[in-house]
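Quick note on labels: first sequence line is chain A, next is B, and so on, each numbered from 1.
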Amino acid sequence: MTPRTRFSDLSRRDPERLLHLEPADLPPLPLDTTAPSRPFPVTRPIADTVAYALDDTRALALPNPKTREEEDELVRAFLSGMEKLFSRENNWTFLQPLVLSMEHCARCQTCSEACHIFESSGHAELYRPTFRSEIFRRLYFEYVKGGGLVSAWQHGSVDLDWPLVARLAELAYRCNLCRRCAQTCPEKASAVASTPVPSTAQINSAVQATRGASHPTRAPAHRSCCGDST
Amino acid sequence: MTILVYAVIAICALVFACATIERAVKYARHPIHLRWELYPVPHEGAGRVAAMVPEILFLEGLWAFNRRLWLRSFPFHFGLYLIASAGVGLLVMAGVARLAGLDWLGAPVGQAAAWIVAATGSLGLVLALFGAVALLHRRATEPALRAYTTAGDVFNLVFFAAALGTLGAGYVTRPEGSPGALSIVIGLLSWDHSVRVPALLAAGLMSTAALVAYVPLTHMSHFIGKYFTYHAVRWDDAPLGRDPKMSAALAEYLTYRPTWAAAHIRAKGSPTWGEVVTTNPTDEGRR
């Protein structure tokens, strides 16, 4: 039984992972089951120098800021990158599907069952395709569109801090951009938008792009097929 | 009261039109984006119509991938279509009556039209009301939906249920001899304030008008967004090189100057997109 992660959990400051899966939690694979299974990797404690943990894996090695001032600076850099995602000069390549995803997702969860990562995890809420996109959407309305009480009432809100940014960046790597979510989205944006917006996958690539902006000196020097900051 | 009803309906219709146009223009002005490559892509008009009709009318995608939600969402949306159709029917009948005279309404064809419009609108109200309540219930009871439901989402569905419920109750309980829907529409078009609209029906008309104005201001304006998600995102795979307008647009985009801070973008010195994408980031990184 996987835990039901909440949006606010991404802001937790304790060193515990938000999610731990045992091999028994995963669906059986069509392999030789008589061979002894390897223990699931990565159970070592989280080092103090590494950003907040998400689950058993780590795609990024974001260092933990030493002071609140450093944290605030990284959060500001994240917001700066996020704003760039919604400008034609910086993201004309994906602006339209991204905005459609932000503004028209009905949060009907139709895309969830199309996500092989969510399904294979035993429906771990953390891996639900709309989990990270919903956080991103709430940040969009609050920080890119101006926010306010009416906006928070209409779109919801999340507390933005460094642990959330670090975990959200890591969470972007629990998506391999297969776009099955987009195929099943009733909006056809949604998964681009209620459009099924190539949405959820688009948002994942967008979050990955902000990673580059928020941590310029440590961003891997690669360009993904879609959404990296190029 | 009658003038108030007319004024609210007229103002709300204006807000609906302006908000719809504003949102559509905003999306239409977005730059051409990279292809999302979702298939199949129907290229001919007939193929697109064959894909659009079942999706728009019957929510085919939801039927295929989320049957439990379809059972609630389909009656809701189809009911709204019927209500809108009845509204258009009333406008057409009122227009014909103004041109051909009110006697036309007493003729068999006029009576048949009135019956069809009344039946369509009534069925639509029942379906949409059921759908709104059913969607609200599902959002409140299904954990996967509840965690993602905001106060605004609840308000939206309650607004639908309350407005349509009031409209239906006002129509059913209107006193004998009071004007029906067609009389009110004819009165609206001629701004005839001698029409006496019963209080509950007036409340239903005004709240439904407010609802119509509210929808394009929210994410519920799927009828706008979905056009672009299908035609511009999902289906637009026009090849580069055959369209001078597209070539000109892309040439303009390549003059934009990105300001990304990430080192691998090499945006320092304010290069253009054209310069960035013709630079090998691996070579640059090795220097």
Contacting moiety of B:T218, where chain A heavy atoms sit under 4.5 Å: both
Interface residue of largest heavy-atom contact number with chain B, from A:S87, A:G156, A:A114, A:C108, under 4.5 Å: A:C108
Interface residue of largest heavy-atom contact number with chain B, from A:E113, A:R107, A:R6, under 4.5 Å: A:R107
Salt bridge A:E103-A:R137, side-chain N to carboxylate O under 4.0 Å: no
Ion pair A:E73/A:R68, N-O distance below 4.0 Å: no
pair A:H155-A:K145: side-chain heavy atoms closer than 4.5 Å: no
Most contacts with chain A, counted as non-hydrogen pairs under 4.5 angstrom, among B:R257, B:M220, B:K26: B:K26
Salt bridge present between B:R138 and B:E142 (N-O < 4.0 angstrom): yes
Residue, of B:T259, B:V154, B:L69, B:D153, that accumulates the most heavy atom pairs under 4.5 Å with chain A: B:T259
Under 4.5 Å from any heavy atom of chain B - which part of A:F7: side chain
Contact class of A:R138 relative to chain B, heavy atoms under 4.5 angstrom: side chain
Electrostatic pair A:E16:A:R12 at N-O distance under 4.0 angstrom: no
